[in-house]
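What follows is a set of notes on a single structure, which appears directly below.
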Amino acid sequence: MRAIVVSATGGPEVLTYTDHQDPEPNPGEVLIDVAASGVNFIDVYHRMGRYPLSLPFVPGNEGAGTVVAVGEDVREFAVGDTVAWANVMGSYAEKAVVPASRLLSVPDGVAADTAAALMLQGMTAHYLTHSTYEVKPGDDVLVHAAAGGMGLLLTQIAKLRGARVIGTVSSEEKEKLARQAGADEVLRYDGFAEAVRELAGSGVHVVYDGVGAATFDGSIASLRPRGVMALYGQASGPVPPVDPQTLNQHGSLFLTRPTLAHYVATRDELTWRAADLFGWVASGRLQVHVSRRYPLAEAARAHEDLEARRTTGKLLLIP
């Protein structure tokens with residue numbers, strides 16, 4: 001098969017499109033023809049070595065496709081099923097092997113590429129709004145990068161839960177997308193903390209921050225007393241060490257650095273989040289905005305576009 005292989009960490013140029021040994025499913029595993037693979041910032045962190053992995057490796061943490069073989073002891077899935085997954089490495093390839101315990105059946109009415117675009121970011125948006133901080137009707141919520149793949153999903157799901165959403169974006173085009181997703185107020189990054197205070201009085205209940213270093217201080221300053229700072233990413237770079245006294249000074253704040261793996265640790269939790277997401281998509285209550293599709297061979301270009309913030313919504317690789 002053809003796959004993207006990383007043999008040395010570095011820039012997008014280390015994403016090499018090459019022949020790779022066909023995988024075979026072991027007991028408890030499923031072999032899938034990949035229809036689409038999602039592109040995420042965690043893939044960038046893996047490529048750069050910020051989150052170290054053993055070399056060489058095939059990147060990619062989510063995808064969807066068709067089952068072509070199952071290992072021993074697999075009963076829940078059969079050849080021909082449409083399935084999707086997240087938090088399993090190796091989706092930048094024509095074929096992938098995924099443990100059956102991490103696979104999800106894609107229901108009728110949800111296309112495979114939509115499922116691929118939804119898995120990692122959709123479940124992240126779900127746990128952030130349902131578990132890290134359970135958004136309630138009337139809450140004020142600040143969503144950074146509101147026109148990105150994560151931001152658009154976070155905005156829609158927070159609105160489904162009855163929140164007022166304040167989003168930050170970098171351009172007029174992105175502002176339009178954020179408002180179409182339901183954002184009540186949309187700000188530029190310069191001086192956003194002061195603008196949030198003007199809109200929300202004592203501050204917002206929660207900040208969903210995937211930007212990191214560039215927005216962290218302003219995010220802290222945007223929170224009301226006992227507010228929650230959910231730092232789920234670092235697209236602009238890692239946040240420097242924080243003095244815990246800062247949280248006290250700004251109103252006994254809560255700071256968390258969550259990750260998806262700890263919020264889908266059980267099969268029940270995984271299927272609960274996926275069922276909600278697929279149900280919202282099938283009913284038209286949640287829109288998945290796929291802005292660009294790249295041939296698998298052009299994974300490097302997808303990474304370049306993502307890092308340069310030239311994109312909105314979700315990016316997919318198509319084998």
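Side-chain contact between Leu286 and Leu118 is present, with at least one heavy-atom pair separated by less than 4.5 Å. Contact check for Val264 versus Met123: side-chain heavy atoms found under the 4.5 Å cut-off. You'll find the side chain of Val141 stays beyond 4.5 Å of the side chain of Val204, heavy atoms only. For the pair Ile166 and Leu187, the minimum side-chain heavy-atom distance is below 4.5 Å. Contact check for Val281 versus Thr114: side-chain heavy atoms found under the 4.5 Å cut-off. Taking 4.5 Å as the limit, some side-chain heavy atom of Leu223 sits within range of a side-chain heavy atom of Met229. Contact check for Leu317 versus Pro319: no side-chain heavy atoms found under the 4.5 Å cut-off. Counting heavy atoms from C-beta outward, Leu270 and Arg102 have side chains that approach closer than 4.5 Å.
Side-chain atoms of His205 do not come within 3.5 Å of backbone N or O of Asp139 as any donor-acceptor pair. In this structure, the side chain of Ser91 does not engage the main chain of Gly63 through any donor-acceptor pair within 3.5 Å. A donor-acceptor pair under 3.5 Å is formed between the side chain of Ser37 and the backbone N or O of Glu62. Not a single donor-acceptor pair under 3.5 Å links the side chain of Arg292 to the backbone N or O of Gly313. Looking at Arg188, its side chain never comes within 3.5 Å of a backbone N or O of Thr168 through a donor-acceptor pair. Between the side chain of Lys176 and the backbone N or O of Gln180 there is no donor-acceptor pair closer than 3.5 Å. Under the 3.5 Å distance criterion, the side-chain polar atoms of Ser222 are matched with a main-chain donor or acceptor of Gly218. Not a single donor-acceptor pair under 3.5 Å links the side chain of Thr215 to the backbone N or O of Val211. Of the possible polar contacts, one joining the Gln156 side chain to the Leu152 backbone as a donor-acceptor pair under 3.5 Å is found. Remark: the backbone N or O of Thr311 is not paired with any side-chain donor or acceptor of Asp305 at under 3.5 angstrom.
A donor-acceptor contact closer than 3.5 angstrom links the side chains of Ser131 and Arg273. Side-chain contact check for Asn61 and Asn40: no donor-acceptor pair (N or O, by modelled atom type) lies under 3.5 Å. At a cut-off of 3.5 Å, with distance as the only test, a side-chain donor of Ser219 or Asp209 sits close to an acceptor on the other residue. Side-chain polar atoms of His130 and Arg161 form a donor-acceptor pair below 3.5 angstrom. Judged purely by distance below 3.5 Å, without hydrogens or angles, the side chains of His20 and Arg2 never pair a donor atom with an acceptor atom.
Classification of Lys95 and Asp33 as a salt-bridged pair holds, one side-chain N sitting under 4.0 Å from a carboxylate O.
Following chains of ILVMFWY side-chain contacts shorter than 4.5 Å, one cannot reach Met150 starting from Phe216, and the two form parts of different hydrophobic clusters. Leu199 and Leu154 are assigned to two separate hydrophobic clusters, defined by single-linkage of ILVMFWY side chains at heavy-atom distances under 4.5 Å. Note on Phe57: it clusters hydrophobically with Val39, by side-chain heavy-atom contacts below 4.5 Å among ILVMFWY residues. Grouping the Ile, Leu, Val, Met, Phe, Trp and Tyr side chains by contacts below 4.5 angstrom, directly or via other members, places Tyr208 with Trp280. Tyr45 and Leu231 are not part of a single hydrophobic cluster, where members link through side-chain heavy atoms under 4.5 Å apart.
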#### Entry: side-chain contact (heavy atoms from CB on, under 4.5 Å) assessment of Gln121 paired with Lys314
CA-CA 9 Å; Gln121 291 182 336; Lys314 186 68 180 183; 3.3 Å; yes
### Message
Under the criterion side-chain contact (heavy atoms from CB on, under 4.5 Å), I'd like the reasoning laid out for Asp113 against Arg293: C-alpha separation, chi angles, the key distance, then a yes or no.
### Response
CA-CA 10 Å; Asp113 60 347; Arg293 293 172 171 83; 2.7 Å; yes
### Task
May I have the step-by-step check of salt bridge (charged side-chain N to carboxylate O under 4.0 Å, His left out) for Asp184 and Lys159, ending in yes or no?
CA-CA 9 Å; Asp184 299 280; Lys159 292 301 296 180; 2.9 Å; yes
### Query
Stepwise, does the side-chain contact (heavy atoms from CB on, under 4.5 Å) test hold for Met119 with Leu104?
CA-CA 10 Å; Met119 284 293 91; Leu104 296 156; 3.7 Å; yes
### Worked verdict on Leu55 versus Ser7 for side-chain contact (heavy atoms from CB on, under 4.5 Å)
CA-CA 6 Å; Leu55 296 168; Ser7 298; 6.0 Å; no
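Here the closest non-hydrogen pair linking Tyr232 and Gly210 is CE2-N, 3.4 Å. Ala213 and Pro238 make their closest contact through CB-O, 3.5 Å (heavy atoms, listed as atom of the first residue, atom of the second, distance). Taking each heavy atom of Gly122 and Leu277 in turn, the nearest pair found is C-CD1, 3.4 Å. Between Ala302 and Leu315, the shortest heavy-atom contact is O-CD1, 3.8 Å. Nearest heavy-atom pair across Pro25 and Gly71 is CB-N, 3.9 Å. The shortest heavy-atom contact between Ala36 and Ile318 is CB-CD1, 3.7 Å.
Taken to the nearest 0.5 Å, the CD atom of Gln234 stands 10.0 Å off from the CD1 atom of Ile42. Atom CD of Glu13 is separated from atom CD of Glu304 by 8.5 Å, given to the nearest 0.5 angstrom. The distance from the CG atom of Leu247 to the CD1 atom of Ile220 is 5.5 Å, given to the nearest 0.5 Å. Here the straight-line distance linking atom CZ of Arg197 with atom CZ of Phe192 works out to 11.5 Å at 0.5 Å rounding. Between the CG atom in Leu15 and the CD1 atom in Ile4 there is a gap of 6.0 Å [rounded to 0.5 Å]. Atoms NE2 and OG1, from His289 and Thr312 in turn, are 3.5 Å apart once rounded to the nearest 0.5 Å.
For the ring-ring contact (aromatic ring centres under 6.0 Å, His included) condition, the pairs that include at least one residue of residues 240-272, sequence neighbours left out, are His126-Trp272, Tyr127-Tyr263.
Under a cut-off of 6.0 angstrom, the local environment of CD in Glu72 is sparse, with at most 12 non-hydrogen atoms contributed by other residues, nucleotides or ligands. Open room surrounds CZ on Arg226; 12 or fewer heavy atoms of other groups in view lie less than 6.0 Å from it. Counting heavy atoms of neighbouring residues, nucleotides and ligands inside a 6.0 Å radius, atom CG of Asp190 does not exceed 12 of them.
Using a 4.5 Å cut-off between side-chain heavy atoms of Ile, Leu, Val, Met, Phe, Trp and Tyr, Val67 falls into a hydrophobic cluster with Val30, Ile32, Val34, Val70, Val74, Phe77, Val83, Trp85, Val88, Val98, Leu103.
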